[in-house]
Amino acid sequence: MSPMITSILILSLATGTIITMASFHWLLAWMGLELNTLAILPIISKSHHPRATEASTKYFLTQAAASALILFSSVMNAQATGQWGILQLEDPLAQTLLTMALAMKLGLAPAHFWLPEVLQGTSFKTGLIIITWQKLAPMALLILTWNQASMLTLTMMGSLSVVVGGLGGLNQTQLRKIIAFSSIAHLGWMATIITKSNKLALLNLTMYILISTPMMLSLIFSSTKTTQDLTTSAPSPILAPLTMMTLLSLGGLPPLSGFMPKWLTLEELLAQNMAPLATVLAMSTLLSLFFYLRLSYSLSVTMSPSPTKISSKWRLKPNTSTLLLSTTLPPSILTLPLTPLMKP
């Protein structure tokens with residue numbers, strides 16, 4: 001793919017997300033989502049591999065169905081209320097349909113089956129875009145309509161996503177599928193808390209992006225695709241422990257940064273007398289923490305001071321990716337002391 005085409009696609013990807021986040025009319029939001037979907041499809045299928053073509057087809061069908069459902073719910077709301085504004089979502093059936101459509105776009109359970117398959121058929125760089133940037137537009141719509149969305153639907157789908165994300169990643173050996181189920185679990189935390197506190201949902205999303213970005217970049221640098229590659233590759237002696245800490249932070253292990261949004265979410269649920277829901281989320285996230293501990297243990301094997309591990313791959317060439325990794329690693333593991341400042 002030529003640099004000009006890549007630049008156009010990246011610009012279209014950013015433009016679609018910005019249009020959706022800045023719009024207050026359902027048609028403009030729908031147009032932004034469609035532009036976003038159409039821009040990512042050539043990026044997914046640029047390798048011309050059958051798996052990439054299959055992944056782009058699954059992504060297109062799922063996102064197109066979700067966009068059609070969003071348009072249908074907005075038309076239904078406009079027919080019932082005469083309003084096309086995003087903040088005037090008053091019809092109960094339209095609220096439920098919109099919640100389900102946005103959940104399908106995000107990859108919440110039970111509409112999550114496309115996410116592991118799509119990530120498995122793409123590269124790590126494209127997967128990074130899918131699990132971070134592609135979540136911004138649907139989450140922006142959810143945050144805008146947090147007090148109008150179906151609370152029961154979001155809570156059920158969110159709690160189910162945390163359980164499915166923990167269980168689904170247990171028996172996986174492909175790192176991209178593990179990351180996909182981890183994304184499903186984290187999105188479940190956001191969906192569960194968004195109807196109680198949209199600020200905490202935004203904090204969850206921000207911390208997830210800050211932690212996932214250096215973790216994916218570390219895996220790209222070390223060229224690891226499976227759990228076995230973690231034990232056989234020889235990453236940098238600095239990058240290996242930082243990657244392990246990032247994995248543990250993504251699992252929510254204290255005192256790392258990933259524990260902060262989970263701590264505040266559980267505290268908010270307990271404050272609103274939702275102890276059973278908080279218990280389900282806390283027990284389910286232990287499943288995710290288990291396979292992150294397993295990955296960290298596999299990575300720790302390469303950190304043994306053996307002379308056979310020394311190789312030229314330890315030297316990372318300075319480029320844009322290494323600069324991005326160095327700037328995103330500290331916030332991903334060191335922001336827990338800022339927790340008192342982030343309480344809503």
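Fair warning: this is a prediction, and the values are worked out from it, not measured in the lab.
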- Are the side chain of Ser23 and the backbone N or O of Thr20 linked by a donor-acceptor pair below 3.5 Å? yes
- May I ask you to test the Pro261-Leu200 pair for a side-chain heavy-atom distance under 4.5 Å? no
- Query: Heavy atoms, side chains only, cut-off 4.5 Å: are Ile43 and Ile10 in contact?
  - Reply: yes
- Query: Any side-chain heavy atom of Lys135 sitting closer than 4.5 Å to one from Leu187?
  - Reply: yes
- Item | Heavy-atom side-chain contact between Lys105 and Leu33 under 4.5 Å | yes
- Query: Can you check side chain to side chain contact (heavy atoms under 4.5 Å, CB included) on Leu9 and Ile40, steps first, answer last?
  - Reply: CA-CA 7 Å; Leu9 291 176; Ile40 194 67; over 6 Å; no
- Item | Check: Thr155 side chain, Met151 main-chain N or O, donor-acceptor pair, under 3.5 Å | yes
- Message: Main chain of Leu71, side chain of Ser74: is a donor-acceptor contact present, judged purely on distance under 3.5 Å?
- Response: yes
- Message: Are Gln88 and Gln148 packed together at the side-chain level, in the sense that at least one heavy-atom pair is separated by less than 4.5 angstrom?
- Response: no
- Step-by-step side chain to side chain contact (heavy atoms under 4.5 Å, CB included) determination, Trp189 to Thr285: CA-CA 10 Å; Trp189 281 86; Thr285 198; 3.9 Å; yes
- Task: Decide yes or no on side chain to side chain contact (heavy atoms under 4.5 Å, CB included) for Trp26 and Ser73, but give the supporting numbers first.
- Result: CA-CA 10 Å; Trp26 279 116; Ser73 63; over 6 Å; no
- When every non-hydrogen atom of Ser284 is compared with those of Val162, the smallest separation belongs to CB-CG1, 3.5 Å
- With sequence neighbours excluded, tell me which residues meet side-chain contact (heavy atoms from CB on, under 4.5 Å) with Ala140. Met21
- Heavy-atom closest pair (Leu28 atom, Ile19 atom, distance to 0.1 Å) is O-CG2, 3.5 Å
- Message: Looking at Arg176 and Thr122, would you say the former's side chain and the latter's main chain have a donor-acceptor pair under 3.5 Å?
- Response: yes
- Scan residues 160-173 for pairs that pass side chain to side chain donor-acceptor pair (under 3.5 Å), counting only residues two or more places apart or in two chains. none
- Co-membership, hydrophobic cluster, residues Val280 and Leu108, 4.5 Å side-chain: yes
- Compare all side-chain heavy atoms of Gln63 with those of Leu41 and state whether any distance is below 4.5 angstrom. no
- What distance do Ser257 atom OG and Ile211 atom CD1 have between them, rounded to the nearest 0.5 Å? 6.0 Å
- Message: Thr195 vs Trp146, test: side chain to side chain donor-acceptor pair (under 3.5 Å). Steps then yes/no.
- Response: CA-CA 5 Å; Thr195 55; Trp146 71 276; over 6 Å; no
- Is Met274 atom CE crowded by more than 12 heavy atoms from other residues, nucleotides or ligands, each under 6.0 Å away? yes
- Starting from the C-alpha separation in whole Å, work towards a yes-or-no answer on side chain to side chain contact (heavy atoms under 4.5 Å, CB included) for Leu175 and Thr226. CA-CA 5 Å; Leu175 291 179; Thr226 63; 5.6 Å; no
- Flag yes if more than 12 heavy atoms outside Met100 fall under 6.0 Å of its CE atom; otherwise flag no. no
- Message: Quick check against the 3.5 Å criterion: does Thr57 have a side-chain atom that pairs as donor or acceptor with the backbone of Thr53?
- Response: yes
- Is the closest side-chain heavy-atom distance between Asn36 and Trp133 below 4.5 Å? yes
- Starting at CD1 of Ile193, measure out to CD of Gln272 and round the result to the nearest 0.5 Å. 6.5 Å
- Thr265 vs Lys196 side-chain heavy atoms within contact, under 4.5 Å: no
- Item | Joint hydrophobic cluster, Ile18 plus Ile86, side-chain heavy atoms closer than 4.5 Å | no
- Kindly compute the distance separating CG (Leu97) from CG (Leu102), expressed to the nearest 0.5 Å. 11.0 Å
- Task: May I have the step-by-step check of side chain to side chain donor-acceptor pair (under 3.5 Å) for Ser150 and Gln95, ending in yes or no?
- Result: CA-CA 6 Å; Ser150 176; Gln95 293 175 353; over 6 Å; no
- Item | Inter- and intrachain pairs under ring pair (Phe, Tyr, Trp, His ring centres under 6.0 Å), touching residues 72-99, at least two apart | His25-Trp84
- Task: For residues Leu106 and Leu115, report the shortest heavy-atom separation together with the two atoms involved.
- Result: O-CD2, 4.4 Å
- Query: Restricting to pairs with a member in residues 190-216, which pass ring pair (Phe, Tyr, Trp, His ring centres under 6.0 Å), not counting sequence neighbours?
  - Reply: His186-Tyr208
- Given the rule that I, L, V, M, F, W and Y join up when any side-chain heavy atoms are under 4.5 Å apart, are Met156 and Met190 in one cluster? no
- When rounded to the nearest 0.5 Å, the distance separating CG of Leu247 from CG of Leu289 is 11.0 Å
- What closest approach, in Å, do Leu266 and Ala282 show between heavy atoms, and which atom pair accounts for it? CD1-CB, 4.2 Å
- side chain to side chain donor-acceptor pair (under 3.5 Å) assessment of Ser249 paired with Thr246: CA-CA 5 Å; Ser249 179; Thr246 307; over 6 Å; no
- Task: To the nearest 0.5 angstrom, please state how far the CD atom of Gln83 sits from the CD atom of Glu90.
- Result: 7.0 Å
- Query: Got a sec, which residues hit side-chain contact (heavy atoms from CB on, under 4.5 Å) with Asp91, two or more places apart in sequence or on another chain?
  - Reply: Met76, Asn77, Ala80, Leu93, Ala94
- If you look only at pairs with a residue in residues 89-125, which of them pass as a ring pair (Phe, Tyr, Trp, His ring centres under 6.0 Å), with sequence neighbours excluded? Tyr59-Trp114
- ILVMFWY cluster, Leu170 and Leu160 together (side-chain gap under 4.5 Å): no
- Item | Taking every non-hydrogen atom, the tightest pair across Gly158 and Ala191 | CA-CB, 4.0 Å
- Closest contact, heavy atoms only, Ser159 versus Leu277: CB-CD1, 3.9 Å
- Can you get from Ile44 to Ile8 by hopping between Ile, Leu, Val, Met, Phe, Trp and Tyr side chains that sit under 4.5 Å apart? no
- Item | CD1 on Ile129 to OG on Ser123, rounded to 0.5 Å | 8.0 Å
